[in-house]
2 protein chains.
Amino acid sequence: MNIGEIARRAGVSRSTVSYVISGRRPVSEQTRRRIQSVIDELGYRPNASAQALKEGRTRTIGLVIPPASQRLTDMQLGFVASVVEAAARADYDVLLSPSGGDHDRSFERIATGRRADGVILMEILMEDHRVTRLQQVGVPFVTIGRTRHPEDTWWVDVAYTELVARCVDHLADLGHRRIALMNRSAELVAAGYGPGHRALRGFAEAVDRRGLHGTDVCCADNAPAGEECMERLRERHPGITALVTVNEAALPGVQRALERAGVVVPRDFSVTGVAARHWAEDFRPPMTAADVPTHDMGAAAVELLLERLATPTAPARHVLHAPPVSLRATTGPVPASSR
Amino acid sequence: MNIGEIARRAGVSRSTVSYVISGRRPVSEQTRRRIQSVIDELGYRPNASAQALKEGRTRTIGLVIPPASQRLTDMQLGFVASVVEAAARADYDVLLSPSGGDHDRSFERIATGRRADGVILMEILMEDHRVTRLQQVGVPFVTIGRTRHPEDTWWVDVAYTELVARCVDHLADLGHRRIALMNRSAELVAAGYGPGHRALRGFAEAVDRRGLHGTDVCCADNAPAGEECMERLRERHPGITALVTVNEAALPGVQRALERAGVVVPRDFSVTGVAARHWAEDFRPPMTAADVPTHDMGAAAVELLLERLATPTAPARHVLHAPPVSLRATTGPVPASSR
DNA sequence: TTGTATGCGTTATCAG
DNA sequence: CTGATAACGCATACAA
């Protein structure tokens with residue numbers, strides 16, 4: 001069934017049906033009603049492909065996610081959920097592309113097949129070939145995260161450098177002198193994953209500025225790795241009294257390791273860092289942390305993209321989130337024995 | 001840039017370019033090469049909307065997920081990931097529709113706008129209006145989960161009734177007489193959520209058949225709820241010695257509650273149930289459970305859908321997964337004191 | 001081996 | 001207020 005069929009049954013031309021649907025020109029109440037009743041009766045809806053072809057836009061956003069094979073972290077999931085939700089609110093659909101390496105077919109379809117009006121990219125590397133590719137092809141895009149030189153791209157990001165530095169400052173203020181950073185996985189950092197690098201930089205700078213002794217370790221994004229990592233950390237660096245973590249998925253393991261070692265938080269050991277809110281709140285006791293506002297960020301990414309689509313010549317916009325460190329219950333004064 | 005532009009630059013007709021791309025008719029090596037080089041040089045890719053309009057198919061699968069506002073459970077996420085991955089392998093794209101209630105615009109776009117060749121639906125209710133709607137519209141679909149009368153729909157599901165019964169049998173064999181079922185949330189069960197109903201039925205039947213004393217409770221899909229629920233359960237039914245759970249998201253809370261109460265698993269208390277593998281393995285000690293093969297199920301759903309698209313007249317196919325209960329370390333003989 | 005012409009379902013321009 | 005018609009970009013039947 002198509003618009004011609006509706007027109008035929010209503011005894012009007014196809015254009016009139018089209019105008020009834022779009023409302024872009026006045027139609028007499030009488031014919032409007034007649035046409036509408038035929039539409040309702042047959043349950044007619046315009047063919048999206050034909051509309052897209054004619055209008056030159058698909059009302060679809062491409063969302064490039066990490067290869068689905070590896071389980072998405074909660075933060076990634078938070079981004080996906082909020083992007084989908086924000087897009088739906090704007091009556092946009094979301095086309096998912098699970099793309100990892102180079103020359104991914106799914107990515108290429110979205111980038112060059114005009115299947116989407118614009119693209120949202122996440123898990124950005126400092127040097128990201130997907131960003132390069134999208135720029136080359138000329139598809140409007142917004143990144144969640146940013147590359148090394150983000151000046152004239154559109155992005156939404158978390159100020160990892162600053163947040164981690166704030167956590168270090170907080171610990172230093174509490175008298176801690178020997179602290180550790182639990183970073184994301186070694187592979188991710190090696191690949192040039194932005195948050196990993198920026199967290200490390202913020203840690204190093206703050207530790208240096210406050211004259212502390214800092215240790216940093218990479219840790220895979222899961223609980224067992226967190227447990228092992230925490231144990232190894234305390235074993236090799238028995239002097240540390242506090243942890244800054246940017247690896248939320250490892251948190252349950254960190255907790256387990258501390259519990260098993262009989263370490264009481266925050267009496268014996270302090271924990272803080274950057275995490276999605278529910279990870280911080282699920283920690284026992286609730287964790288003092290900068291809560292990454294995944295929900296706002298996904299929505300902001302969509303908003304930026306729609307703005308970019310509406311005014312293609314607009315200068316690049318960025319949103320850098322630096323949420324406050326929410327004081328909960330995992331940080332306290334350095335133990336007297338370690339002072 | 002379009003196919004005409006390529007044709008013009010290569011000095012051939014548009015059809016020849018089209019045939020070079022599709023390979024559906026022989027083209028002389030010489031012109032093929034000339035055309036290909038122009039295509040490569042300009043980075044030309046056919047317009048997906050035009051292709052879809054012409055061919056009458058979009059090479060896109062619609063995936064209807066729960067409203068994104070509520071965090072997806074790991075099992076749901078597993079389905080999404082595996083569907084996306086399997087679709088990508090078949091060179092299909094996935095269009096996401098976060099749809100909850102009736103008359104969802106995003107759902108309607110997918111159902112009636114011919115934006116997708118077929119649809120995969122998850123979180124199916126015993127009476128599901130989305131299923132009805134899709135049948136009415138005539139869009140091919142496959143459900144992950146099934147309705148009350150699933151005979152002539154296409155679906156992939158987990159045999160909750162049977163799996164829960166097996167868990168009960170296992171506990172009965174170990175001598176447990178008073179056991180509890182931790183179901184999904186009360187809202188979900190009230191809404192007619194299939195797994196909730198079928199788990200309850202399997203539990204009731206098995207408990208009855210083995211002459212046990214069974215208690216069942218609903219629990220929200222998160223750790224804090226699991227903790228509270230477990231505590232209440234032990235408080236109100238101090239006699240229970242084992243738990244069957246189909247609520248994986250509550251597991252960390254269950255674990256925490258047991259630990260806080262000083263209950264040693266499986267010496268004092270046994271735990272088993274249905275869960276995605278990593279939840280079972282993350283439990284301490286590793287949990288004896290029927291592991292839901294989310295990965296296989298998503299892939300199977302895609303496979304079924306593609307088969308249905310290929311042969312529209314084929315009779316309905318179903319896949320019912322009944323994975324074995326993997327013996328790990330959370331079940332043991334009933335404590336002597338409770339025998 | 002290649003070119004010409006048609007139509008997929010829409011929207012919008014131009015006439016009436 | 002409404003209708004005829006020309007694109008949008010592509011694939012393919014038909015011609016040559």
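Within every chain, numbering begins at 1; the chains are lettered A, B, ... in the order of the sequence lines, protein sequences first and strands thereafter.
Distance CD1 (B/Ile21) to P (D/dG9): 14 Å, rounded to an integer number of Å. A/Ile6 places its CD1 atom 12 Å from the P atom of C/dT11, with the value rounded to the nearest Å. Whole-Å rounding puts the B/Tyr19 OH to C/dT2 P distance at 13 Å. D/dA4 atom C1' lies 14 Å from atom CD1 of A/Ile3, rounded to whole Å. Per the geometry, CG belonging to B/Asp117 stands 19 Å off P belonging to C/dC8, to the nearest Å. Spacing between atom CZ of A/Arg8 and atom P of D/dA4 amounts to 15 Å, rounded to whole angstrom units. Between B/Asn2 atom CG and D/dA11 atom C1' the separation is 14 Å, expressed in whole Å. Separating the CZ atom of B/Arg115 from the P atom of C/dT10 is a distance of 14 Å, rounded to the nearest angstrom.
Side-chain N/O atoms of A/Arg24 include one lying less than 4.0 angstrom from OP1 or OP2 on C/dA12. Note on B/Thr31: a side-chain N or O is less than 4.0 Å away from OP1 or OP2 of C/dT2. Residue B/Ser28 has no polar side-chain atom (N or O) positioned under 4.0 Å from OP1 or OP2 of C/dT1.
For the segment residues 42-58 of chain A, residues with any heavy atom less than 4.0 angstrom from an atom of DNA chain D are, sorted by number, A/Leu53, A/Lys54.
Where B/Arg32 and B/Arg114 each meet DNA chain C at their nearest nucleotide, the meeting point lying more 5' is that of B/Arg32.
Residues A/Gln76 and A/Ile65 form no side-chain contact, since every pair of their non-hydrogen atoms from C-beta on lies 4.5 Å or further apart. Between A/Ile6 and A/Met1 there is a side-chain heavy-atom pair separated by less than 4.5 Å.
At a cut-off of 3.5 angstrom, counting only N and O atoms as typed in the model, there is a donor on one side and an acceptor on the other between the side-chain of B/Ser15 and the base of C/dT4. At a cut-off of 3.5 angstrom, the base of C/dT4 holds no donor-acceptor pair with the side chain of B/Arg14. For C/dT1, its base never sits under 3.5 Å from the side chain of B/Arg25 at any donor and acceptor pair.
Salt-bridge check for B/Glu108 with B/Arg133: passed, with a basic side-chain N closer than 4.0 Å to an acidic carboxylate O. Note on A/Asp91 versus B/Arg109: salt bridge recorded, some NZ/NE/NH1/NH2 to OD/OE distance being below 4.0 Å. A salt bridge is defined here as a Lys NZ or Arg NE, NH1 or NH2 lying under 4.0 Å from an Asp or Glu carboxylate O, and A/Arg59 with A/Asp117 fails to meet this definition.
Cation-pi geometry between B/Arg308 and B/Phe141 is met: under 6.0 angstrom from the ring centre, within 45 degrees of the axis.
Qualifying salt bridge (Lys or Arg N to Asp or Glu O under 4.0 Å) partners for B/Glu187, counting only residues two or more places apart in sequence or in other chains: none.
Side-chain N/O atoms of A/Ser18 and A/Ser15 include no donor and acceptor closer than 3.5 Å.
Nearest heavy atoms, B/Pro140 versus B/Leu305: O-CD1, 3.9 Å.
In the helix from C/dT1-D/dA16 to C/dG16-D/dC1, the terminal helix axes, each the rotation mapping four pairs' C1' atoms onto the next four within five end pairs, subtend 50°, rounded to 10°.
Relative ring orientation between A/His318 and A/Trp155 is described as parallel, the plane-to-plane angle staying below 30° on a 0-90° scale split at 30° and 60°.
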